[in-house]
Amino acid sequence: MEQQVSAGIIGTGSFLPDQVLSNNDLEKLVDTRNEWICARTGIQERRIAQEDVSASDLAVEAARRALKKSCLSADRIDLIIVATITPDMFFPSTACIVQDRIGAVNAAAFDISAACTGFIYGLSIAKQFIKTKTYRYILVIGVEVMSKIVDWSDRNTCILFGDGAGAAVLGPVDPQRGIRFSQLKSDGSGGDLLKLPAGGSKIPCSQHSLDNGLHFLKMSGKDIFKFAVKVMEESTRDALKSCGLEVSDIDLLIPHQANLRIISSGAKRLKLPLEKVWVNIHRYGNISAASIPVALDEALSSGKIKEGSLVVLVGFGGGLTWGVNIIRWQ
Ligand code: UT7
């Protein structure tokens, strides 16, 4: 009988721009206060890319670090998936740009658009290719330069987001280890709650779109908040149930970092102690598709994840999209 394989993460890397934008800095840009931002979001500072830096620049650095940790040369990679809502441009894909710059000469490459859930989607896609033995090594990157699409005069949104990249190399692992379960969900009826209206084929760039700020991210914060708390709990429970596992089996939950209050409420509803939840939003804000891989890389470096740990990744965001990956660490 043919040997089964499982897909696991064999190395991670992340890259954050050096420039720090603190809440006090934001007080000089918009009508806001450090105390309000800390209390309502948990964010203290975020990283902002230089003006001439694009998504591929951050992605390439994260990818190189993940390859180094995996002890693989770039030519061993069969596929590159980049999850982003801030690609360098519509096409070529940012994945193709990364492929060229890291020298992954044998890799296919494409981008996916699932907003803050992008990395969860990317892992699930990569898992299928590895389990079916179509590909052996796959690089999944979550990268965002949110600073280029937020309206820096809108206090409702500009305080929330930051820039960064996280990457993971996936490969075949012991069948009892690796990604045990993935669940992807979407609800397009909520698409208007979080979107970037212009720049596509519906509202191409025009003087009107520029004058009306339609190239900036628009968000209905309260609705997204309620959706996020609900799906963080429900989808984590559903996914665990599908694997015959309980919340108490979780060693580490890595949720999308959108708001500390979302994370705390979700954990409370799950009855999961906060010590088992990775939180770094105070340092980076919401980095959309990059938030989970950056957090995962940090958690691994800190030693919090060990051989055999049960790690649950849960994401939610624009689309609306949400999803979970349950990983038994190899
Ligand atoms: O990655 C997924 C996408 N994003 C999210 O998950 C974000 C989800 N939403 C949230 O995190 C929260 O809804 C926000 C942090 C965006 C907003 O927090 P909130 O507690 O829902 O505040 P609010 O929008 O209800 O606003 C309350 C008050 C308003 O003033 P009035 O109308 O009560 O006088 C706002 O104008 O706070 C005001 N406000 C601010 N005040 C100081 C809104 N933004 C700010 C600000 N500084 N930056």
Side-chain angles (χ1 to χ4, degrees), residues 21-46 83-86 113-122 142-147 149-164 166 185-188 190-197 216-235 254-267 269 277-282 284-295 313-324:
L21 185 73
S22 69
N23 293 346
N24 291 330
D25 297 330
L26 277 166
E27 287 181 359
K28 294 171 198 130
L29 288 179
V30 284
D31 178 16
T32 192
R33 282 176 306 112
N34 172 41
E35 294 74 19
W36 190 96
I37 302 174
C38 289
R40 304 308 294 165
T41 72
I43 302 167
Q44 292 168 15
E45 57 186 43
R46 65 288 291 141
T84 186
I85 52 167
T86 51
S113 170
C116 306
T117 324
F119 187 75
I120 300 281
Y121 270 60
V143 58
E144 301 292 4
V145 193
M146 297 301 287
S147 61
I149 63 162
V150 298
D151 180 350
W152 287 102
S153 66
D154 174 14
R155 71 176 184 174
N156 292 295
T157 52
C158 76
I159 55 137
L160 296 172
F161 296 97
D163 303 337
K185 295 273 188 176
S186 49
D187 175 9
D192 280 342
L193 299 178
L194 182 52
K195 67 178 179 182
L196 197 151
F216 294 128
L217 173 150
K218 313 284 176 202
M219 181 177 72
S220 172
K222 272 201 182 313
D223 293 310
I224 294 286
F225 189 100
K226 283 185 222 150
F227 148 76
V229 172
K230 182 170 175 282
V231 299
M232 181 176 155
E233 183 205 0
E234 286 181 4
S235 54
I254 303 184
H256 168 50
Q257 311 279 313
N259 185 320
L260 184 58
R261 288 188 296 133
I262 294 175
I263 297 172
S264 310
S265 305
R269 287 166 73 143
V277 183
W278 193 264
V279 177
N280 65 10
I281 188 165
H282 50 293
Y284 305 133
N286 179 346
I287 4 175
S288 183
S291 104
I292 291 175
V294 167
L313 312 181
V314 57
F316 41 81
L320 300 171
T321 56
W322 64 103
V324 180

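Remember, it's 1-based here, ligands and their atoms both numbered in the order they're listed.
- Put simply, the residue from Asn286, Val314, Thr117 that forms a side chain to side chain contact (heavy atoms under 4.5 Å, CB included) with His256 is Asn286.
- Residue-to-ligand polar distances place Gly221 within reach of ligand 1: an N/O pair is separated by less than 3.5 Å.
- Glu45 and Ser22 share no donor-acceptor pair across their side chains, judged by distance under 3.5 Å alone.
- Every atom of ligand 1 with a heavy atom of His256 under 4.0 Å away is listed here by number and element: 1 (O), 2 (C).
- Looking only at heavy atoms of the protein, atom 46 (C) of ligand 1 is closest to Thr32 OG1, 3.3 Å.
- Every atom of ligand 1 is numbered from 1 in the order shown, and the set under 4.0 Å from a heavy atom of Thr41 is 15 (C).
- Looking only at heavy atoms of the protein, atom 23 (P) of ligand 1 is closest to Lys222 NZ, 4.0 Å.
- Thr321 places a side-chain N or O within donor-acceptor distance of the main-chain N or O of Gly318, the cut-off being under 3.5 Å.
- Atoms of ligand 1 lying under 4.0 Å from any heavy atom of Leu194, numbered from 1 in the order shown and given with element: 3 (C).
- For atom 14 (C) of ligand 1, the closest non-hydrogen atom of the protein is Asn259 ND2, 4.5 Å.
- When hydrogens are left out, the protein atom nearest atom 29 (C) of ligand 1 is Arg155 NH2, 4.7 Å; that is the closest non-hydrogen contact.
- Neither the backbone nor the side chain of Ala228 has any atom closer than 4.0 Å to an atom of ligand 1 (non-hydrogen atoms only).
- At a distance under 4.0 Å, no protein heavy atom can be found next to atom 31 (P) of ligand 1.
- The line from OG of Ser147 to CD1 of Ile287 is 11.5 Å long, rounded to the nearest 0.5 Å.
- For Glu144 (side chain) and Ala290 (main-chain N/O), no donor-acceptor pair under 3.5 Å exists by modelled atom type.
- Thr157 does not count as a contact of ligand 1, since none of its heavy atoms falls under 4.0 Å from the ligand.
- Rounded to the nearest 0.5 Å, atoms CZ (Arg155) and CG (Leu26) are 12.5 Å apart.
- Atom numbering of ligand 1 starts at 1 in the shown order; those under 4.0 Å from a heavy atom of Arg40 are 20 (O).
- Residue Ile224 has at least one heavy-atom neighbour below 4.0 Å for each of these atoms of ligand 1: 3 (C), 4 (N), 5 (C), 6 (O), 8 (C).
- Between the side chain of Gln257 and the main chain of Pro255, a donor-acceptor pair closer than 3.5 Å is present.
- The closest protein non-hydrogen atom to atom 43 (C) of ligand 1 is Asn156 OD1, 3.2 Å.
- For the pair Thr84 (side chain) and Val143 (backbone), a donor-acceptor distance under 3.5 Å is present.
- Nearest protein heavy-atom neighbour of atom 19 (P) of ligand 1: Arg261 NH2, 3.8 Å.
- Of the candidates Phe316, Trp36, Phe225, it is Trp36 that places a heavy atom closest to atom 17 (C) of ligand 1.
- Checking atom 36 (O) of ligand 1 against the protein gives a heavy-atom contact under 4.0 Å.
- Among protein heavy atoms, atom 4 (N) of ligand 1 sits closest to Met219 SD, 3.4 Å.
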